[in-house]
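From a predicted model like this one, the values you see are computed outputs, not experimental measurements.
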Amino acid sequence: MGSYLEQLNPSQRAAVEHVEGPSLVIAGAGSGKTRVLTYKVAYLMEQGFSPYSILALTFTNKAAKEMKERIGRVTGEHASRHLWMGTFHSIFSRILRAEAAAIGFPSTFTIYDSADSKSLINNIIKNELNLDNKHYKPRSVQARISLAKNSLVTPSAYAQDEKILMRDKSQRLPHIKEIYSIYVKRCKAAGAMDFDDLLLYTNILFRDHPEILQKYQDMFRFILVDEYQDTNYAQFLIVRQLAKAHGRVAVVGDDAQSIYSFRGARLDNMLQFPKIFENTKIYKLEQNYRSTQNIVKAANSLIAKNKGQFEKNTFSENAPGDPIIISNYYSDQEEGYSVARSISDLIMRGGNDYSDFAILYRTNSQSRNFEEALRKLNIPYKIYGGLSFYQRKEIKDLLAYFRISSNSRDNEALKRIINFPKRGLGQSSVSKVETVSNLSGEAMLDICRKPLEFNCEVNAGTAKKLSTFAELIDKFQEEINTKPAHEMAEIILKESGILKEFSDQNDIENISRKDNIQEMLNALSIFEEGRKKENDLDTVTLLHFLEEVSLLTDQDQDNGEDTNKVTLMTVHASKGLEFKNVFIVGMEKELFPSSQSVESPSQYEEERRLFYVAITRAEEKCFLSYAKSRYQWGKANICAPSPFLRDIDNQYVRAPGDVSFRTKKTIQREQNGPGNDAQKLAALRTQQARRQNSVSPDFKPSDPNSITAGMQVEHARFGMGKVLSMEGSGESAKAVIFFQKEGQKNLLLKFAKLRIVQ
DNA sequence: GGGCCCTAAATTTTT
DNA sequence: TTTAGGGCCC
C-alpha cells in the first residue's frame, strides 16, 4: 500500500490527497477518474477513516460494484466490503427502510417501477378523475410529477406555484395538480415509493427529524459523489445536508458529459458547487489517457460548439491515431451488415477481440438491424437496455406475488395477479374492490378478505372467490419471513397455480416463459448463496431479495460469462465505459440529435454532449455512420445526415472513397429534398444490389503464399487492387493493398480471399 | 367474465 | 412491426 500514489499524475494525486474541506474534481473524459476515486477511497482508509464512515455515491450499481472490487484489490476485501457505496437510490432506500417508521411507511415498502407508477397514474386519470387519457397522457403526466419530485415540489407546493399552474393551464392540462396529489396519496396508502420518492422522502426524513439527520451526519465522515454533473436538486440537497457539519465532500464530474437533464439533472449543481460549499478546492484532470490524439481533438472541436461550460483543455499524449471514419449507407439494414462486416474484418486482421467493439445508438429500437447482422455473421454480442429480464411479463407477475406477500398494501401488485392465473375475477370485480379501497383507505387485499363487510357490492360467488384469493396470499405472508427465498418462490409458483398454467401448453413462447421462471429461481439461489457466503444467514428471504431487485437494471445483470462479445447499447448507457473500437450509428437528422430536441437550444446542446460522450468512449478507432433510408414503424423513411457531423472539425474525419458527405454533390443532394431523393434511392438500391453481386459465383481465391508485392489482385468484396507491400510470413503474412474503390487496406493473407489477376 | 378481432400508438434517453 | 387496449359477442 502507498505505492499506488506514485501511479498518479500530479493533479490526480493532489485530488486524491485532499481530505479536509470540499473539493470539486473536474474530470475530462478518459482522464483516469475511476482510478482517482478508487485510490481516494483507499487513501482515506489509510488515513484512518473506517469503511463504515465513507459514503461513496455512484451513478449505477455496476459502477459501485466494480469500484468496490478495485478498492478491495488495494485495501483487501474485508475492509472494502463495508463501504457505503452504491447509487443514491440504493443507499437511501436502505436508510429509508431502517427509518421507515419515522415517515409513516412500513420497512417493507415496495418500490414501484415506472410501469407500476404509470399504470397507477393512468388509473387515476381515467377512473378516478374521469379525464381523457388521450389528452392527459400518462407518460407525460408521469414525467411532470417526476420532475416536480426531483425539485422537491410536493403536491401542495405544486398547487400553490403560480408559474407551474399557468404553464399547465396554458397547455390545457389544469388537472395535473389533482393527479399528482392523488398519486402521492395512493402510493402512500399502498406503502409504496417510486424511484423519485426514494430521494424525496430522504429529504423529508432529514428535514423533519434532525436527530436522524445528525446520526447520519456523524456516521458519514467523508462523502464522495461520482458523475456529479448528473445529479438533480433532491440529490444535491441530500449531499449538502450530510456534508454540512464537517464539509468533507468530494464531488467528481465533467460538465461536458451532462446528459440527464431530461430526468431532472442540474448542471448547476456542479457549476455552483464552489459557491455553495465554501473554500472549495478545484482540481482539473485534463490529460486523456484513453483515446488517441485525433479522437480527443475531434471531440473537443465538437464540444466547442456548445456555449457555457467550465474552461478546460483536455489533451492526449497517446499516438496521433486514425481519423474518424464517416460512412453512409442506403438503408438501415445495409448499415447493420456493413458494421457487422467491418467488425469481422477487423477481427480477422488480428489484434482485436470481440469485446473490443461497441455499437452505440441513440435509441434502443435501433438495435435490431445490428443484432440480425451480427447473428448472421456468427459474431457473439451482448445487448443492454430494451426489455430487461425483470420487465418481462412472467417475471413481473412472479415478482408481484412476492411483493403482495411482503407488503399486503401493494395494490398495483395485487391488480397484476388477482386474475393471473384466471380465477374468474375480471375487471368489473376488481374495480369495485378498488373503488372501495380508494374511498375507505383500506388495502385492496383487506377488502378481498371480507368484501361484504366493506359494503363492496359483489355477488356471493365473487365474494367467495375474492376471499379465497386473499387466503392464498395470507398463507404466503405467514411463510415469507422465515423460508429461504428459493423455497418460498417454489411454494408460490405451485400454490398460486402459475406452474400449472405454464405446464399446460407447450408452444415456443411458453417454453421461453418457463425458462425465464427457471432463471428467476436460479437467481434466487445465487442470491441466497451470496448472502450465506457473507455469513448473512438472516437475510436470505424473499423480502431481502425484493429490496435489492427493484433497483437492479440489466446492466447489473452482467454475470461475467459474457466476456468476449461485441457490446450493443445506447449512448446513454455507455457513459463511463470505454472500448478500443466504437461504431456510432444512425447519425441522422431527427434521430441524433433527437427530433424532440430541436426546439430547445439547451436540449440541443445536451444532444451534442451526448455525441461527445459517444466519441470519447473510443480508445483507438471511431466510426460514424448514417443511412439514407430507415425503417420506422414498418415504413421506410428518407433520412438526412446529422448536422452534428459538420460540427467536428474537418481535419479529424475522413469519408472514404469519393462519397464525402461534405462534397458539393452531396450537399446538393441533401438540399434536393425528399421527393427527388426517393427516386434516386430506388436507382441506388439496384446499383447497390448489382455491386454486391459483382463477384462471380465461381470466385476462387489463389494460394496466399504465391502473392507478392506489385501484383494485381481481386478481393471478394473490395474488388480490384494492387499489392503495395508484404510483411511477415506463413500464418501471419500480411499485405498492404490499394483497392481502386475502397482505398488502402491491411489484410492478413490467412483470411483475406484474394485472386491473383496478373 | 373471457376470448377474439380490430385499431391506434409507439421510439428518446434511466435510477 | 409489434403491442396494448377497446369493442363485441358468446
Check the distance between B:dT15's C1' and A:Leu57's CG and give it to me in whole angstrom. 13 Å

For the side chain of A:Tyr260, counting heavy atoms from C-beta on, which of B:dT15, B:dT14, B:dT11 is nearest? B:dT14

Below 4.0 Å: OP1/OP2 of B:dG1 and any side-chain N or O of A:Ser428: yes

Residue set satisfying ring pair (Phe, Tyr, Trp, His ring centres under 6.0 Å) with A:Phe527, at least two apart, ordered chain then number -> A:Phe545

Rounded to the Å, how far apart are A:Asn122 CG and C:dG5 C1'? 10 Å

Which residue pairs pass the side-chain hydrogen bond (donor to acceptor under 3.5 Å, both in side chains) test when at least one of the two sits in residues 587-598 of chain A, sequence neighbours left out? A:Glu588-A:Arg630

Rounded off to whole Å, could you give me the NZ-to-P distance for the A:Lys149 and B:dT14 pair? 20 Å

Nearest-0.5 Å distance, CD1 of residue A:Ile447 to CG of residue A:Leu452: 12.0 Å

Ignoring the backbone of A:Thr87, work out which of B:dT13, B:dT12, B:dT15 is nearest its side chain. B:dT15

Taken in chain and number order and not counting sequence neighbours, the residues that satisfy side chain to side chain contact (heavy atoms under 4.5 Å, CB included) with A:Lys126 are A:Asn122, A:Asn133

When all nucleic acid strands are considered with a 4.0 Å heavy-atom cut-off, which category describes A:Phe88: base, sugar-phosphate, or nothing? nothing

Hey, is the side chain of A:Asn364 poking within less than 4.0 Å of OP1 or OP2 on B:dT13, counting only N and O atoms? yes

Donor-acceptor pair present, A:Arg362 side chain and B:dT13 base, under 3.5 Å: yes

Proximal nucleotide (of B:dT12, C:dT1, B:dT15) relative to the A:Arg368 side chain: C:dT1

Picking from B:dT14, C:dG6, B:dT12, the nucleotide nearest the side-chain atoms of A:Gln596 would be B:dT12

Taken in chain and number order and not counting sequence neighbours, the residues that satisfy ring pair (Phe, Tyr, Trp, His ring centres under 6.0 Å) with A:Phe109 are none

Centres of the A:Phe370 and A:Phe583 rings: under 6.0 Å? no

Interatomic distance, A:Leu591 CG vs B:dT13 C1' [rounded to whole Å]: 12 Å

Taking only the side-chain nitrogens and oxygens of A:Ser429, find out if one of them lies under 4.0 Å from OP1 or OP2 of B:dG1. yes

How does protein contact run along nucleotides 2-10 of chain B, one letter per nucleotide 5' to 3', with B for base contact, S for sugar-phosphate only, - for none, heavy atoms under 4.0 Å? SS-----SB

Let me know the distance between CE of A:Met569 and P of B:dT13, rounded to the nearest Å. 14 Å

Can you list the residues that meet the side-chain hydrogen bond (donor to acceptor under 3.5 Å, both in side chains) rule with A:Glu394, with sequence neighbours excluded? A:Asn516

Rounding to a whole Å, what distance do you find between A:Arg630:CZ and C:dT1:C1'? 15 Å

Knowing that exactly one of A:Asp194, A:Thr154, A:Asn203 qualifies, which makes a side chain to side chain contact (heavy atoms under 4.5 Å, CB included) with A:Lys149? A:Asp194

Tell me what A:Ser365 touches on the nucleic acid: a base, only sugar-phosphate, or nothing, going by heavy atoms under 4.0 Å. base

Please state how far atom NZ in A:Lys126 lies from atom P in C:dA4, giving the value in whole angstrom units. 14 Å

In whole angstroms, how far is the C1' atom of B:dT14 from the CG atom of A:Leu147? 13 Å

Taking for A:Thr570 and for A:Lys118 the nucleotide of DNA chain B with the nearest heavy atom, the one nearer the 5' end belongs to A:Lys118

A:Ser114 side chain N/O closer than 4.0 Å to the phosphate oxygens (OP1, OP2) of B:dT15? no

How is A:Lys575 classified with respect to the nucleic acid when contacts are heavy atoms under 4.0 Å: base, sugar-phosphate, or nothing? nothing

